[in-house]
Amino acid sequence: DSGVTQTPKHLITATGQRVTLRCSPRSGDLSVYWYQQSLDQGLQFLIHYYNGEERAKGNILERFSAQQFPDLHSELNLSSLELGDSALYFCASSADSEINIQYFGAGTRLSVL
Amino acid sequence: AQSVTQPDIHITVSEGASLELRCNYSYGATPYLFWYVQSPGQGLQLLLKYFSGDTLVQGIKGFEAEFKRSQSSFNLRKPSVHWSDAAEYFCAVGARGYQKVTFGIGTKLQVIP
């Protein structure tokens, strides 16, 4: 168990809808990262938050947004969903250090029908 | 920009045989290097990491990796593969003080009896 909790484990929804994925980092970790994993794209970095502030953006679509709350949990919001958004979404957390060891949650599997 | 290449998408080995998974990285300074493993339906788990010092690093589950600066490589090895090692393996590169970690596309390992 990595200590990173993601909910829900599975999500099935329709095109055009909006969903929210939730991540609770390991106790004490200030950084949260979001990744998308699909068969054709591999593991793609989406966004990084540190102590409530956005630190880095990767290949994140404008339809997607994220935030990190004062209790350090994070949410990834996906809107106007398309079939191609079907993927595994992972959250990872790391402590505030120069050595960036990321601990991953079990992921949320999103199916857009 | 940092990048990681895992040239082998799929590898099949017999149980009990030795294993080497290749990883090449591109980064201007001394990198931080990681190997993660992802079992089916699971998140990524850290196998081992290299930051500095001894270029041969030991990890969990009997894995080791060797950092070779001259070849920009960080290959993962195991002397005798077990059926439970069947999974996807990701090499990743990071940098001191910079929070982004770049993942390779992954190598799927199949273990046959």
Side-chain angles (χ1 to χ4, degrees), chain A residues 1-7 9-10 21 23-26 29-51 53-60 68 87-109 111, chain B residues 1-10 21 23 25 27 29-53 57-61 65 67 74 87-109:
Chain A
D1 183 4
S2 67
V4 178
T5 304
Q6 287 189 249
T7 56
K9 289 192 188 310
H10 301 279
L21 312 183
C23 170
S24 294
R26 294 189 322 154
D29 284 359
L30 300 178
S31 275
V32 169
Y33 306 80
W34 285 98
Y35 293 87
Q36 179 192 58
Q37 185 180 40
S38 58
L39 284 174
D40 56 344
Q41 295 286 329
L43 193 66
Q44 299 286 312
F45 166 68
L46 295 178
I47 198 163
H48 167 215
Y49 274 84
Y50 170 74
N51 202 22
E53 293 189 3
E54 182 185 304
R55 273 288 178 90
K57 262 186 177 179
N59 302 323
I60 188 166
Q68 187 179 27
L88 263 172
Y89 291 85
F90 286 106
C91 163
S93 74
S94 71
D96 175 26
S97 74
E98 291 192 342
I99 299 174
N100 186 2
I101 300 173
Q102 296 185 22
Y103 296 89
F104 282 76
T108 293
R109 181 173 292 281
S111 298
Chain B
Q2 56 199 45
S3 67
V4 177
T5 301
Q6 292 181 250
D8 304 307
I9 304 296
H10 293 275
L21 302 183
C23 171
Y25 69 89
Y27 184 66
T30 300
Y32 290 166
L33 294 159
F34 309 87
W35 275 99
Y36 285 83
V37 60
Q38 184 182 24
S39 298
Q42 302 294 318
L44 279 71
Q45 180 186 18
L46 182 68
L47 275 178
L48 48 78
K49 58 191 181 294
Y50 169 79
F51 297 142
S52 64
V57 294
Q58 303 296 322
I60 62 171
K61 305 184 181 189
F67 170 59
F74 188 57
E88 189 158 17
Y89 293 80
F90 293 88
C91 182
V93 62
R96 187 179 188 88
Y98 178 53
Q99 292 287 303
K100 183 181 175 188
V101 172
T102 300
F103 286 82
I105 198 163
T107 297
K108 278 195 178 153
L109 174 65

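The chains referred to below are lettered A, B, ... by the order of the sequence lines, with proteins before strands, and numbering in each begins at 1. Being a predicted model, the structure only gives us computed values, none of them experimental.
Residues satisfying the side-chain hydrogen bond (donor to acceptor under 3.5 Å, both in side chains) criterion with Gln58(B), sequence neighbours excluded, are Glu64(B).
Atom CD of Glu88(B) sits about 9.0 Å away from atom CG of Leu43(A), to the nearest 0.5 Å. The OG atom of Ser2(A) sits 10.5 Å away from the CG atom of Leu44(B) when rounded to the nearest 0.5 Å. To the nearest 0.5 angstrom, Phe104(A) atom CZ is 5.5 Å from Tyr36(B) atom OH.
No part of Gln45(B) comes within reach of chain A, as not one of its non-hydrogen atoms sits under 4.5 angstrom from that chain. With a 4.5 Å cut-off on non-hydrogen atoms, Gln44(A) does not touch chain B at all.
For the set Gly104(B), Gly106(B), Gly43(B), the entry with the most heavy-atom pairs within less than 4.5 Å of chain A is Gly43(B).
Taking all atoms of both residues into account, the shortest heavy-atom contact from Phe34(B) to Ile101(A) is CE2-CG1, 4.0 Å. Across all non-hydrogen atoms, the minimal contact from Gln102(A) to Phe103(B) is OE1-CE1, 4.5 Å.
Atom CG of Leu46(B) has more than 12 neighbouring heavy atoms from other residues, nucleotides or ligands inside a 6.0 Å radius. Within a 6.0 Å radius of CZ in Arg26(A), more than 12 heavy atoms belonging to other residues, nucleotides or ligands are found.
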